[in-house]
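Atoms within each ligand, like the ligands themselves, are counted from 1 in listed order. Computation of the quantities below employed the complete heavy-atom set of this structure, encompassing side-chain atoms and omitting hydrogens, waters and symmetry-equivalent molecules.
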Amino acid sequence: MSRYLNPKYKNLEAYTPGEQPQNMKYIKLNTNESPYPPSDGVLSAVNAKEASLLRLYSDPESKDLKKAIADLYGVNEKNVYLSNGSDDILNFCFMAFTSENTGAAFPEISYGFYKVFADLYGIDYDRIPLKEDFTINPADYYGLGKLIVIANPNAPTGLMLSLDDIEKIIQENPENVVLIDEAYVDFGGNSAYKLIDKYKNLIVVQTFSKSRSMAGARLGFAFADEELIEDLEKIKFSTNPYNVNRLTTAAGLAALRDNQYYMDRCKEIIETRNFTTEELVKLGFEVLPSNANFIFAKSNDIDGLSLYQELKNKGILIRHFSDEKIKDYNRITIGTREEMEAFLEAVKTILKEKKI
Ligand code: PMP
């Protein structure tokens with residue numbers, strides 16, 4: 001740390017992303033990326049012609065991409081916001097919708113970045129405990145007078161709240177914004193975006209990173225009432241107006257045209273998730289019922305950290321979190337069927353070695 005850093009950031013604990021080894025010698029089941037490549041349409045859209053246009057700035061209003069999203073989801077373009085990955089949108093929401101007087105509230109066990117944003121803006125926040133079975137109790141979020149942030153499905157549990165529960169939380173917080181982070185919604189969730197016409201305080205955030213195989217392109221989108229979108233645009237135009245670059249725009253437009261390809265891949269991932277869950281249960285694991293492209297599982301024979309380490313030694317990366325309440329678990333991203341078979345074989349070997 002230099003002596004020039006603003007003292008308010010001195011104790012800021014930055015977010016730690018999952019490992020991103022740059023040599024691909026691992027089966028990578030640790031950061032919830034898609035195991036499938038982008039569609040052919042995306043591969044050909046990111047071409048030399050598009051690259052030659054890189055001398056020009058991208059459209060700061062992302063009009064074409066907004067229209068394509070609006071058409072696909074059946075909403076008005078004025079209700080769509082686009083940004084450099086959904087982390088960027090989360091950041092802007094914390095910047096825009098919290099203050100000295102309005103803090104934030106989110107589940108104690110959830111996406112780790114929420115706490116980092118809250119610390120970054122120095123706001124007051126509640127980390128609300130989950131129930132014993134890792135589910136969220138909706139009533140804990142009623143009338144808090146804070147920005148409510150809920151990942152649905154939640155991460156790293158994969159558990160989902162019903163739309164009725166979400167709607168009740170929105171109704172019980174008319175004075176503040178409710179942000180539903182739907183990074184994993186395409187893997188079996190039920191999106192709240194259809195509620196945006198009914199509630200002025202709802203923002204639904206999604207991403208191209210998981211279900212549309214574009215984590216490396218950084219493209220996130222949000223649905224909300226027009227006035228909330230205007231607020232986000234104001235923040236974006238006050239920080240980085242060109243935050244969706246040209247190549248990502250071309251890739252995003254092609255991905256939306258090829259939507260069926262991605263929805264078919266999501267179906268495959270759901271099937272592989274169900275297969276992996278059943279096999280892990282046979283091996284004595286407890287697996288939470290997931291609606292995402294990952295599962296959260298605990299072995300009764302080996303602790304979470306050892307399993308993570310032993311799998312890494314065998315060339316398979318999964319995610320282990322050291323927080324006391326979840327340290328017995330691991331989060332395992334669903335890869336291809338072949339990758340999951342290799343993962344299960346490795347787990348079997350590790351468990352056998354332990355028993356000898
Ligand atoms: N929300 C949740 C719940 C996530 O797990 C992630 C991925 N780490 C994100 C948002 C951010 O995704 P991205 O910035 O790639 O869109």
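Counting non-hydrogen atoms of other residues, nucleotides and ligands closer than 6.0 Å to NZ of Lys49 gives a total of 12 or fewer.
Checked options Phe113, Phe117, Tyr125; the residue passing with Phe106 is Tyr125 (criterion: ring-ring contact (aromatic ring centres under 6.0 Å, His included)).
Annotation: atom 1 (N) of ligand 1 to nearest protein heavy atom, Asp181 OD2, 2.6 Å. Looking only at heavy atoms of the protein, atom 11 (C) of ligand 1 is closest to Asp87 OD1, 3.1 Å. When only non-hydrogen protein atoms are considered, atom 14 (O) of ligand 1 lies nearest to Arg218 NH2, 2.7 Å. In terms of protein heavy-atom proximity, atom 8 (N) of ligand 1 is nearest to Tyr111 OH, 3.2 Å.
At least one heavy atom of Tyr184 sits less than 4.0 Å from an atom of ligand 1.
Two different hydrophobic clusters hold Phe237 and Ile235 under the rule that ILVMFWY side chains link at heavy-atom gaps under 4.5 Å. Leu307 and Met340 end up in the same hydrophobic cluster when Ile, Leu, Val, Met, Phe, Trp and Tyr side chains are linked at under 4.5 Å.
Taking a cut-off of under 4.0 Å to the non-hydrogen atoms of Ala183, the atoms of ligand 1 that pass are 1 (N), 2 (C). Heavy-atom contacts of Lys210 reach the following atoms of ligand 1: 6 (C), 7 (C), 8 (N) (cutoff under 4.0 Å). Near Gly85, meaning under 4.0 Å from one of its heavy atoms, ligand 1 places the atoms 14 (O), 16 (O). Every atom of ligand 1 with a heavy atom of Ser209 under 4.0 Å away is listed here by number and element: 13 (P), 15 (O), 16 (O). Every atom of ligand 1 with a heavy atom of Thr207 under 4.0 Å away is listed here by number and element: 13 (P), 16 (O).
With no hydrogens or angles considered, no side-chain donor-acceptor pair links Asp181 and Asn152 at under 3.5 Å.
With a heavy-atom cut-off of 4.0 Å, Ser86 touches ligand 1 through backbone and side chain alike.
Geometrically, Arg265 engages Tyr261 in a cation-pi contact defined by less than 6.0 Å to the ring centre and at most 45° from the axis.
Close placement of the Phe296 and Tyr329 rings is indicated, their centers lying within 6.0 Å of each other.
Of all heavy-atom pairs between Pro17 and Arg319, the closest is C-NH2, 4.1 Å.
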